[in-house]
Amino acid sequence: MQSQDILAWLKSNPAFFDEYADDVAEIYVPHSHRGQAVSLAERQLITLREKARALEARLSELLQFGEDNDVISDKLHKLTVDLIQAEDLSGVVGTLEYHLRERFHVPYVAIRLWLPTDSTLREFQPVGEAVQRLAQNLVSPYCGPYVTDEVLAWFDQDAAELRSFAQFALRTGEEPFGILVLASGDEDRFYPDMGTLYLQRLSELVSATVRRLVPTTAQVEVEELPHEDAIDGARQED
C-alpha cells in the first residue's frame with residue numbers, strides 16, 4: 001500500500017481517529033526543527049501554528065501594500081488637481097516636475113512633445129525618428145536600465161549617474177504625440193518586474209492635460225466653421 005492510498009483511506013474514514021484515539025495519541029513523529037519525536041497531535045498543532053504564522057505574515061504584507069497604494073493614490077490625486085488648474089504648457093511642465101521630484105521623489109524627469117505649436121519650451125525641441133518609433137512601441141510603460149543615447153542626452157551632465165528608467169508614451173488615441181521619461185541613480189527604483197498601474201495612470205493624466213492645452217488640427221478646424229444657424233440665415237437672405 002502506498003502513502004497516497006493510506007492518506008486517501010484516512011480522509012474517507014474520519015471516524016478512525018475517534019475509534020482509535022488512544023492508539024493515535026501514542027504515535028510519535030519526528031519534529032521538523034527540534035530533531036526529536038513528538039506526538040501526532042502535537043505535530044498537527046505545530047503545523048497549524050506554522051500555517052497561522054504564514055497567513056499572518058501574508059496579511060501583514062497585503063495591509064502594507066494597501067497602505068502604500070493609499071499614499072500613492074493621494075499623491076496622484078493632488079497632482080491631478082494641480083494639473084487641472086494649469087493654464088498653459090509651461091504650468092503643466094512645472095507642476096509635473098515639482099510633484100514628481102518633491103512628492104514622488106523621482107530626481108530626474110524629461111518630456112518631449114511633437115505637436116504643432118509655436119512654443120519655445122525645451123519640451124518641444126525636435127526628436128529623432130527613433131524616439132518617435134520608441135513611443136509608438138510603448139503600449140505600456142517600460143521600466144528598466146536601458147534608454148537610447150538620444151533620450152539619455154536629455155539629462156545633460158547627470159546622464160552618467162542614471163541607472164534605471166521609466167518610459168511611457170503620451171497619447172490620447174492610437175498615435176503618440178510625446179514621451180515622458182523618469183530616471184534615477186538607484187538601479188532598483190525602476191525595474192522590469194515592477195507594477196506599472198500608477199505609471200499608466202500618470203501617462204493618461206499627462207496626455208489628457210497636454211491635449212487640453214494643445215488642440216488637435218481637427219478641433220481647430222471645427223471651431224472655425226460657421227454655426228449651422230448662421231448658414232441657414234445666410235441661405236434665407238439669398
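Below, all heavy atoms of this structure are taken into account, side chains as well, without hydrogens, waters or symmetry copies. A quick note: this is a predicted structure, and the numbers were derived from the prediction, not measured.
In terms of modelled atom types and a separation under 3.5 Å, the side chain of S73 and the main chain of N69 share a donor-acceptor contact. Checking side-chain atoms of S164 against main-chain N and O of G144 turns up no donor-acceptor pair under 3.5 Å. For T209 (side chain) and L205 (main-chain N/O), a donor-acceptor pair under 3.5 Å exists by modelled atom type. Under the 3.5 Å distance criterion, the side-chain polar atoms of E150 are matched with a main-chain donor or acceptor of G128. Proximity of a side-chain donor or acceptor of D186 to a complementary backbone N or O of D188 within less than 3.5 Å is detected. Judged by distance alone, with hydrogens and angles left aside, the side-chain atoms of Q167 form a donor-acceptor pair with the main-chain N or O of Y146 at under 3.5 Å.
The distance from the CZ atom of R101 to the CG atom of L96 is 9.5 Å, given to the nearest 0.5 Å. Annotation: the span from E56 atom CD to L63 atom CG amounts to 11.5 Å, rounded to 0.5 Å. How far CG of L180 is from CG of L113: 9.0 Å, rounded to the nearest 0.5 Å. To the nearest 0.5 angstrom, L197 atom CG is 8.5 Å from Q200 atom CD. Summarising the geometry, atom CD belonging to Q132 is positioned 8.5 Å from atom CD belonging to E175; distances are rounded to the nearest 0.5 Å. With values rounded to the nearest 0.5 angstrom, I72 atom CD1 is found 6.5 Å from D68 atom CG.
Taking 4.5 Å as the limit, every side-chain heavy atom of E123 sits out of range of all side-chain heavy atoms of L89. Side-chain contact between R103 and L79: absent, with no pair of heavy atoms (C-beta onward) separated by less than 4.5 Å. Between I179 and I111, every side-chain heavy-atom pair lies at or beyond the 4.5 Å cut-off. Looking only at side-chain heavy atoms (C-beta outward), R112 and R122 come within less than 4.5 Å of each other. Counting heavy atoms from C-beta outward, F168 and L202 have side chains that approach closer than 4.5 Å. Within the 4.5 Å cutoff, side-chain heavy atoms of R189 are placed close to those of V106. Looking at L115 and V210, their side chains come closer than 4.5 Å, going by heavy atoms from C-beta outward. The shortest side-chain heavy-atom distance between T95 and Y98 does not fall under the 4.5 Å cut-off.
Within 6.0 Å of atom CG in N137, more than 12 heavy atoms from other residues, nucleotides or ligands are found, so the atom counts as buried in its surroundings. Within a 6.0 Å radius of CD in E129, other residues, nucleotides and ligands contribute 12 heavy atoms or fewer. Remark: Q136 CD is packed, more than 12 non-hydrogen atoms of other residues, nucleotides or ligands lying under 6.0 Å away. The number of heavy atoms from other shown groups lying within 6.0 Å of CD (E61) is above 12.
Figure legend: R171 and F177 shown without cation-pi pairing, the cationic atom not lying both under 6.0 angstrom from the six-membered ring centre and within 45 degrees of its axis.
Linking ILVMFWY residues whenever their side-chain heavy atoms come closer than 4.5 Å, directly or via other members, places L199 and L76 in the same cluster. Note: the hydrophobic cluster containing L100 does not contain F155 (ILVMFWY, side chain heavy atoms under 4.5 Å, direct or indirect links). Linking ILVMFWY residues whenever their side-chain heavy atoms come closer than 4.5 Å, directly or via other members, places L170 and F124 in the same cluster. Residue V206 is not grouped with residue V181 when hydrophobic side chains (ILVMFWY) are merged at heavy-atom distances under 4.5 angstrom, including chains of intermediate members.
Nearest heavy-atom pair across A135 and A169 is O-CB, 3.4 Å. Between V92 and A86, the closest heavy-atom pair is CG2-CB, 3.7 Å. Minimum heavy-atom separation, P176 to E174: CD-O, 3.5 Å.
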Worked check of side-chain contact (heavy atoms from CB on, under 4.5 Å) between V147 and L162: CA-CA 10 Å; V147 291; L162 302 181; over 6 Å; no
Trace of the side-chain contact (heavy atoms from CB on, under 4.5 Å) decision for T80 with L83: CA-CA 5 Å; T80 302; L83 285 178; 5.9 Å; no
CA sep, side-chain torsions, deciding dist, call: L182, F165, side-chain contact (heavy atoms from CB on, under 4.5 Å): CA-CA 6 Å; L182 314 182; F165 306 86; over 6 Å; no
Working for side-chain contact (heavy atoms from CB on, under 4.5 Å), residues D193 and C143: CA-CA 8 Å; D193 295 329; C143 297; over 6 Å; no
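Looking at S184, P145, P141 one by one, the single match for side chain to side chain contact (heavy atoms under 4.5 Å, CB included) with F190 turns out to be S184.
By the 4.0 Å N-to-carboxylate-O rule, K78 lies too far from D82 to be salt-bridged with it.
For the residue pair T196 and Y142, no side-chain donor N or O sits within less than 3.5 Å of a side-chain acceptor on the partner. Side-chain atoms of E161 and Y108 form a donor-acceptor pair, as typed in the model, at a separation below 3.5 Å.
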